[in-house]
Amino acid sequence: MLLLVLASIWGTSFILMKKGLVVFSAMELGATRVSVAALLLLPFALRHVRRVERSRFKWLALSGVVGTLIPAFLFAYAETRLASGLAGVLNALTVVFTLLVGALLFRQRLTGLRVLGITLGLVGTVVMLQLGGSGGDATPAGEGNAWYGIYILIATMGYGLSVNVIKHKLSAMTPVAVTSVLLLLIGGPALAYLLLGTGFLHKLATVPGAWAAFGYIALLATMSTAVAMVLFNRLIQQSTALFASSSTYLIPIVALAWGALDGEAFNLWHFAGMVVILAGVLIIHRAR
């Protein structure tokens, strides 16, 4: 049930980013997303932060930076040229990098079948990156646009590291404590940058449609960052890091459905790339 809920929430996040980018820049969207999520969970963070052992703060900061802060900007920047549905497909690489990081840094067993799954996932990514990235009005079509998927590739590497850190270094903390304190650590710099280093407030006051775009970002921050992170961290603690990241099976379906409803292009090559990536993810998940 947690997997289904997470897939629905995160599958919707890509279209919400696209709608926010109609008015705001990628940097403004990323900073707003993190800031709003941090403010929402601030009461919980203040309740838990004093109980956190000092040795855990470095792991919370690492997970926050590589698993939340940097990906918030990378995904937003990728979607300035990449269709939201394709972004959702590439997000499936989270499983690949969860396994790779687990094998390299946390002694997770890497079998032949899992190597095959990793290979298929990366091959599928190359197929997707060879395609055009038409995504409607907010993401202009053009040769090579899908190479912006490299930013998502980097973001999923961060996710893979973050998932393993939470599982192996922060499992003693409750999911709410992990999420709220993690956002507290990165929310301050994000908010300061948003208010002092961008034109966010000026756009909000003067640009038509800015409040609607902000509403999409606020919904993104509330559901896809604050709520979903708590649920995901709970899932990590109840199962394995690899199983928790397998919500990426369903995320592409939801993301592509929203993209199709918004008029995004989707052809047989897109489908082929998605199938190869998801086949790799399935092999990784099934392999022993």
Residues 57-66 vs salt bridge (Lys or Arg N to Asp or Glu O under 4.0 Å), sequence neighbours excluded, gives none
Output for pair (Ile70 CD1, Ser162 OG), nearest 0.5 Å, gives 11.0 Å
Salt bridge (Lys or Arg N to Asp or Glu O under 4.0 Å): pairs with one or both residues in residues 198-223, sequence neighbours excluded = Glu28-Lys203
So do the side chains of Met223 and Leu16 get within less than 4.5 Å of each other, counting heavy atoms only?
-> no
Only one of Ile166, Val178, Leu6, Thr68 clears side chain to side chain contact (heavy atoms under 4.5 Å, CB included) with Met229; which?
-> Thr68
At their closest point, which heavy atom of Ala228 faces which heavy atom of Ile9, and how far apart are they?
-> CB-CG2, 4.0 Å
Is there a donor-acceptor pair closer than 3.5 Å between any side-chain N or O of Thr222 and the backbone N or O of Leu219?
-> no
How about Leu116 and Thr111: do any of their side-chain heavy atoms sit closer than 4.5 Å?
-> no
Spell out, as yes or no, whether a donor-acceptor pair under 3.5 Å connects the side chain of Asn164 to the backbone of Thr98.
-> yes
Which residues share a salt bridge (charged side-chain N to carboxylate O under 4.0 Å, His left out) with Arg56, sequence neighbours left out = Glu53
Indicate yes or no: at least one non-hydrogen side-chain atom of Leu42 is less than 4.5 angstrom from one of Leu184.
-> yes
Exercise: identify the closest heavy-atom pair between Val254 and Ser8 = CG1-O, 4.0 Å
Would a 4.5 Å heavy-atom cut-off, applied to side chains only, mark Ser84 and Trp258 as touching?
-> no
Flag the pair Asp262 / Lys19 as yes when at least one side-chain heavy-atom distance between them is below 4.5 Å, and no otherwise.
-> yes
Are Phe75 and Tyr151 an aromatic pair by the rule of ring centers under 6.0 Å?
-> no
Using modelled atom types only, decide if a donor and an acceptor are shared between the side chain of Thr80 and the backbone of Tyr77 within a distance under 3.5 Å.
-> yes
From Glu79 CD over to Lys18 NZ, what is the distance, rounded to the nearest 0.5 angstrom?
-> 8.5 Å
In terms of hydrophobic clusters joined by side-chain contacts under 4.5 Å, are Val65 and Leu182 together?
-> yes
How long is the gap from CG on Leu201 to CG on Leu195, to the nearest 0.5 Å?
-> 5.5 Å
Given the rule that I, L, V, M, F, W and Y join up when any side-chain heavy atoms are under 4.5 Å apart, are Val123 and Leu113 in one cluster?
-> yes
Is a donor on one side and an acceptor on the other found under 3.5 Å between the side chain of Glu264 and the backbone of Gly85?
-> yes
Do Leu39 and Tyr216 sit in the same hydrophobic cluster, where Ile, Leu, Val, Met, Phe, Trp and Tyr count as joined when their side-chain heavy atoms come under 4.5 Å apart?
-> no
Does some side-chain heavy atom of Ile251 sit less than 4.5 Å from a side-chain heavy atom of Phe14?
-> yes
Minimum heavy-atom distance between Trp59 and Ser55, given as atom pair plus value = CD1-O, 3.6 Å
For Ser35 against Gly187, the heavy-atom pair lying closest together | OG-O, 4.3 Å
Under the side-chain contact (heavy atoms from CB on, under 4.5 Å) criterion, do Asn91 and Tyr159 qualify, and how do the steps go?
-> CA-CA 10 Å; Asn91 184 69; Tyr159 285 159; 3.6 Å; yes
Side-chain heavy-atom pair Leu60, Val165 within 4.5 angstrom cut-off | no
Going hydrophobic residue to hydrophobic residue with side-chain gaps under 4.5 angstrom, can you get from Ile217 over to Leu191?
-> yes
Atom of Leu90, atom of Thr156 and distance for their closest heavy-atom approach = O-CG2, 4.0 Å
Beyond-backbone contact of Val181 with Phe57, side-chain heavy atoms, under 4.5 angstrom = yes
Minimum heavy-atom distance Phe24-Ala210, with the two atoms named = CE1-O, 3.5 Å
